[in-house]
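One structure is given here, and the rest of the page talks about it.
Proteins come first, then strands; the chains are lettered A, B, ... in the order of their sequence lines, and each starts at number 1. Side-chain atoms are counted along with the backbone in the values below, which use heavy atoms only and exclude waters and symmetry mates.
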Amino acid sequence: MTKPIIRIKNISKSFGAVRVLDGLSIDVMPKERLALIGPSGSGKTTILRILMTLERINDGHIEIDGEQLCHMERAGQLVPADEKHLANARQKIGMVFQHFNLFPHKSVIDNITLAPILTKGVAKPIAEKRAMELLDMVGLADKAKGMPVELSGGQKQRVAIARALALQPKVMLFDEVTSALDPELVEEVLSVLWQLSTETDMTMLLVTHEMGFAHDFAHRVLFFDRGKIVEEGKPGDIFRQPKHERTQAFLKKILAAGHRI
Amino acid sequence: MEWNWAFAFAILPRLLEGAKITIVATFLGFLIAIVIGLAIALGRRSQQAWIARSVGLCADFIRGTPLLVQLYVLFFVLPNIGIVLSPLTAGVIGLGLHNATYIAEVYRAGIESISRGQWEASKACNLSIGQTWRHIIIPQAIPPMVPALANYLIAMFKETPLLSAITVYEIMGEALGAASRTYQYLEPVTMVGGFFLIISLVCAYLARVLEERVRIYQ
């Protein structure tokens, strides 16, 4: 019996008086691809940000690959993790952001090689060779020497995916990676994700409003509303026969807005 | 009132000597200001509340008092507690420290102009805090600061005549010395004004060139 690679146990998160996540538990199995859907403000992005250690939780525990993420053991007690523990835990996780967040003062290839060289001590030629392979995979080998400002949104996001992959994380988090793109550029980014799903067996968590893509990409879909999982199941079931009326209402709204399944 | 060329030429060598001191004081002072200014800006952002607080208080104190008063303290008061500084040293420290508190605000604005996404991407790339500052934040924060920093350089340059109050023989001190011997103020003061004007215009031009150079992106 394989163990979950991510165990989220009863976590809560508030921003001020607003409770964004409320006693949430999720297990993610290795190689599993999970789609998180739901109205904005439902807490799905916050989950990814917590896993990337960009936000701290108020309550609960998270284990990644058998190790505590937000806590560490000290004298037999679990205490909040210090920066060293967090840095260690972060190695297992990569994230791609809605707004790309490329480093604008670095060339495309330097964006990808910077972290492996600085954080893993990879020799520059080796890091560059690996970066070129990744750029090749996302179809941007010819842009290696270019600057981010010269790229379209879709190209930027493909570089951001390559940058995250360069650190060889065990879990990849995709946070609305096509939401900031012009409609005609969405496809090129989704096709890179599709390629990842068919060519690798990385564990991936995808927050998206692209329901059609979520349907094909994910093994399991979680529908969120107000910080809780309202419904979860196989994509076919969630999208074709949603049981909960809030899921039905959400999907109806999304479809009316022109998204396809 | 008539312009006396002979007098003007006679005092020119001494004014040029003074000009050298002016330029040296400006650049050394600027060097201190940009280094201490960075320290103040980073200190004010410290996670340790007491560091942020005390650095902020010191900076506000220095910014809230006139440079001339600070120069007097450095040169005439510190010897009372056994710290004797040469006029130029006291002048450069005063000029540098005073402007560091202003330049710290330039850094602050520059640092705050970097989007949160850059910090988050650095974290997602597992860079340490130090690496994030060195490789991501500072290289991006500096280019937009160049015009403001150049303005402070020019402003400091024009503040150097204050150093004559603590017997630094920069150009204004030399000019006043020449004038007080002859009671002819027209030539020395005009020449000092012309000197400052020329150097300021040259600096402003160089700053614009530099600004173009550093604008490699955006």
Side-chain angles (χ1 to χ4, degrees), chain A residues 45 48-49 51-55 83-84 86-108 110-121 146-151 156-157 159-169 171-175 180, chain B residues 34 38 41-52 106-150 207 209-218:
Chain A
T45 286
L48 298 197
R49 292 175 57 80
L51 290 171
M52 193 67 255
T53 72
L54 299 175
E55 307 284 354
E83 183 53 36
K84 198 177 152 203
L86 290 175
N88 203 28
R90 275 199 283 267
Q91 287 182 8
K92 296 170 186 155
I93 303 164
M95 183 163 180
V96 182
F97 297 88
Q98 182 178 356
H99 295 287
F100 336 124
N101 296 343
L102 292 180
F103 304 130
H105 59 304
K106 301 265 179 209
S107 68
V108 166
D110 287 349
N111 260 277
I112 300 170
T113 59
L114 183 77
I117 291 172
L118 287 179
T119 68
K120 294 191 160 179
M147 298 301 284
V149 73
E150 299 158 16
L151 305 179
K156 280 182 192 158
Q157 197 57 297
V159 173
I161 293 170
R163 178 176 70 178
L165 290 172
L167 286 163
Q168 296 170 303
V171 178
M172 278 283 274
L173 311 172
F174 297 96
D175 182 18
Chain B
I34 56 176
L38 183 61
L42 295 181
R44 286 190 103 151
R45 290 178 61 96
S46 171
Q47 299 286 327
Q48 307 286 348
W50 66 273
I51 296 181
V106 176
Y107 285 123
R108 189 184 59 81
I111 289 165
E112 283 176 4
S113 73
I114 307 299
S115 76
R116 203 176 60 161
Q118 292 291 304
W119 291 94
E120 292 182 347
S122 304
K123 222 174 200 185
C125 286
N126 213 7
L127 303 186
S128 69
I129 303 286
Q131 288 168 336
T132 304
W133 277 111
R134 222 181 106 207
H135 296 278
I136 308 301
I137 306 302
I138 292 184
Q140 288 185 70
I142 284 181
M145 290 177 195
V146 166
L149 290 179
V209 172
L210 185 62
E211 202 184 324
E212 293 291 319
R213 279 274 178 101
V214 293
R215 206 185 288 150
I216 42 173
Y217 54 87
Q218 197 43 229

Q | Interchain contact, A:L167 with chain B, by part (heavy-atom threshold 4.5 Å) | A | side chain

Q: Could you look at A:F103 and say if it's the side chain, the backbone, both or neither that has a heavy atom under 4.5 Å from chain B?
A: both

Side-chain atoms of residues 106-114 of chain B: list all donor-acceptor pairs with protein atoms under 3.5 Å, sequence neighbours left out, distances to 0.1 Å.
residue: B:Y107; atom: OH; partner: B:I34; partner atom: O; Å: 2.8
residue: B:R108; atom: NE; partner: B:E105; partner atom: OE1; Å: 3.1
residue: B:R108; atom: NH1; partner: B:E112; partner atom: OE1; Å: 3.2
residue: B:R108; atom: NH2; partner: B:E105; partner atom: OE1; Å: 3.2
residue: B:S113; atom: OG; partner: B:G110; partner atom: O; Å: 2.6

Q. Could you walk me through whether A:L114 and B:L127 pass the side-chain contact (heavy atoms from CB on, under 4.5 Å) check?
A. CA-CA 9 Å; A:L114 183 77; B:L127 303 186; 4.1 Å; yes

Q) Which heavy-atom pair separates A:L165 from A:M172 by the least distance, and what is that distance? A) CD2-CE, 3.8 Å

**Q.** Max heavy-atom pair count under 4.5 Å with chain B, selected residue of A:M95, A:Q98, A:R49
**A.** A:R49

Q: Using modelled atom types only, decide if a donor and an acceptor are shared between the side chain of A:Q168 and the backbone of A:K92 within a distance under 3.5 Å.
A: no

(Q) Is A:K120 close to chain B through its backbone or its side chain, or both, or neither, when contacts mean heavy atoms under 4.5 Å? (A) neither

Q.
Quick check: do A:L54 and A:F97 have side-chain heavy atoms less than 4.5 Å from each other?
A. yes

Q | Min side-chain heavy-atom separation A:E55-A:T45 under 4.5 Å | A | no

Q: Report yes if the side chains of B:I136 and B:Q131 come closer than 4.5 Å at any heavy-atom pair, otherwise no.
A: no

**Q.** Student check: side-chain heavy atoms of A:P148 and A:N111 closer than 4.5 Å
**A.** yes

(Q) With a 4.5 angstrom heavy-atom cut-off, is it the side chain or the backbone of A:L173 that approaches chain B, or both, or neither? (A) neither

(Q) Heavy-atom pairs under 4.5 Å with chain B: which of A:E150, A:Q91, A:H99, A:K106 has the most? (A) A:Q91

Q.
Using a 3.5 Å distance criterion without hydrogens, assess whether the side chain of B:H135 forms a donor-acceptor pair with backbone atoms of A:A115.
A. no

(Q) Using only non-hydrogen atoms and a strict under-4.5 angstrom cutoff, which residues of residues 116-126 of chain B touch chain A? (A) B:R116, B:G117, B:Q118, B:E120, B:A121, B:S122, B:K123, B:A124, B:C125, B:N126

